[in-house]
Amino acid sequence: MTSGTARTAPLVLLRTWLLPLTVGAAAFGLHYALHVPAGPLPPPSPAEVEADKKAADKKKKDEEKAQREADRKAGKTKPRAERSGARELAYEPFRRPRPDHIIEQLWAYYEPMAFKKEPTFEAWQTAHKSLLTQIVDATRRTALPDGPELTVATSECHTIRCRFTITATTQEPLDAIIPVLRQLRLGTGPLWHSFEADTPAADKDKAGNATKPPRFKAELTVSFTRDLPTLADMSLPELGPLRTQSPATPGPIPASHIPPATGAPGTGAAPAKSTRGTPKSTRTPPAPTPG
């Protein structure tokens, strides 16, 4: 009885423990052979990477927000960063014309597009914006000296083009000045590389009603043939150089504004010299002769 039990004990151990382990190992080996590819695992998809990044950013923002709220409740304040006295981007005036090949590239790139899409070069705008008013005024003085005043109401310059609006009390001076402006010369060539002018029309307010008193306006978009043109180099065909407003010359000073001379108040007479204490003779005595 004892010998039979001893013989069956290894069989029971084999069936109870070793058989399940063998079957499990065989199943794992079959799964590995069928589903696990050879070589390294493929990288995660871009969608998974982006999702993980967004989740990490959201977690970081939530933590920072919770920390700020906790600091606020605790009465903690974040110290302000010290401001630097030096400006990071110093403004440099536009004083040197750009090379011809650069201007030609800017013409080719920006002139086909809408004016509002052209970026603004602040230094170039500052150097050319005020010039538009001077050109209109000098052209009127030269071609229409007896005509009514014209006003440059608005003006702006971007990178290669400028846009400005001329206003007048009637439409006739606008109709007369636009063809003259188009003919302006700079040296021996034209002043403008491109010149576009709208038809003069009655000016209206934001509500679409005619302004009171009524005015007329015309909008012009232009580009110069070169940077920093001067009025002294501009002229009109058959009329010559532009006439600019000469500076006022000082007139004679009224007599009432001339300060009185030193002496009696309100008189121009010089004070009389006092002779009190003056010696009778101003003759220099001779030097002593050595004995």
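All values derive from a computational prediction rather than experimental measurement.
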Query - Side-chain donor-acceptor pair present, Arg243, Thr142, cut-off under 3.5 Å - result: no
Query raised in the report: Do the side-chain N and O atoms of Arg163 and Thr221 include a donor-acceptor pair separated by under 3.5 angstrom?
Result: yes
Query - Cationic N near anionic O, under 4.0 Å, Arg161 to Glu111 - result: no
Requested in this report: Over all heavy atoms of both residues, which pair between Thr244 and Ala138 is shortest? Give the atoms and the distance, please.
Outcome: CG2-CB, 4.2 Å
Query - side-chain contact (heavy atoms from CB on, under 4.5 Å) evaluation trace for Leu236 with Arg185 - result: CA-CA 6 Å; Leu236 283 169; Arg185 308 285 295 176; over 6 Å; no
Query raised in the report: Do side-chain atoms of Glu118 reach the backbone of Met113 as a donor and acceptor pair under 3.5 angstrom?
Result: no
Report summary line: In short, Val180 meets Ala143 closest at the heavy-atom pair CG1-CB, 3.6 Å
Query - Inter-residue atom distance Leu184.CG - Leu242.CG, 0.5 Å rounding - result: 6.0 Å
**Report entry** Residue that, paired with His158, satisfies ring pair (Phe, Tyr, Trp, His ring centres under 6.0 Å) out of Phe121, Trp124, Phe115
**Finding:** Phe115
Report task. Go through Thr139 and Met234 one step at a time and tell me if the side-chain contact (heavy atoms from CB on, under 4.5 Å) criterion holds. Result -> CA-CA 9 Å; Thr139 303; Met234 298 182 193; over 6 Å; no
Report summary line: Taken to the nearest 0.5 Å, the spacing of Arg96 CZ from Leu228 CG works out to 11.0 Å
Report task. Before accepting this row, confirm whether a basic side-chain N of the pair Lys53/Asp57 lies closer than 4.0 Å to the acidic partner's carboxylate O. Result -> no
Requested in this report: State whether the number of non-hydrogen atoms from other residues, nucleotides or ligands found under 6.0 Å of Asp100 atom CG is greater than 12.
Outcome: no
Report task. For Pro93 and Ala123, work out which heavy atoms get closest and say how close. Result -> C-CB, 4.5 Å
Query raised in the report: Are Thr211 and Lys204 side-chain neighbours, meaning at least one heavy-atom pair lies under 4.5 Å?
Result: no
Query raised in the report: Is the closest side-chain donor-acceptor distance between Gln125 and Thr120 under 3.5 Å?
Result: no
Query - hydrophobic_cluster_shared for Leu186 and Ile103, side chain cutoff 4.5 Å - result: no
Query raised in the report: Does Tyr110 belong to the same Ile/Leu/Val/Met/Phe/Trp/Tyr cluster as Phe164, with side-chain heavy atoms less than 4.5 Å apart forming each link?
Result: no
Query raised in the report: So how far is it from Thr126 OG1 to Leu131 CG, rounded to the nearest 0.5 Å?
Result: 13.0 Å
**Report entry** Shared hydrophobic cluster for Trp192 and Leu106 (ILVMFWY, side-chain gaps under 4.5 Å)
**Finding:** no
Query raised in the report: If you round to the nearest 0.5 Å, how far is CD of Glu92 from CD of Glu122?
Result: 14.0 Å
Query raised in the report: Val222 and Trp107: same hydrophobic cluster, using ILVMFWY side-chain contacts below 4.5 Å?
Result: no
Report summary line: Paired with Thr165, the side chain to side chain donor-acceptor pair (under 3.5 Å) test is passed by just one of Thr154, Asp203, Thr151, namely Thr154
Query - Leu181 CG to Arg140 CZ distance, which is reported to the nearest 0.5 Å - result: 12.0 Å
Query raised in the report: So how far is it from Leu174 CG to Leu150 CG, rounded to the nearest 0.5 Å?
Result: 6.0 Å
**Report entry** Within-4.5 Å side-chain heavy-atom neighbours: Cys157 and Leu132
**Finding:** yes
**Report entry** Verify same cluster id: Leu191, Ile166 (apolar side-chain graph, 4.5 Å)
**Finding:** yes
**Report entry** Side-chain touch Pro229/His128, heavy atoms, less than 4.5 angstrom
**Finding:** yes
Requested in this report: Please find out if less than 6.0 Å separates the ring center of Phe224 from that of His193.
Outcome: no
Query raised in the report: Is Glu64 salt-bridged to Lys61, cutoff N-O under 4.0 Å?
Result: no
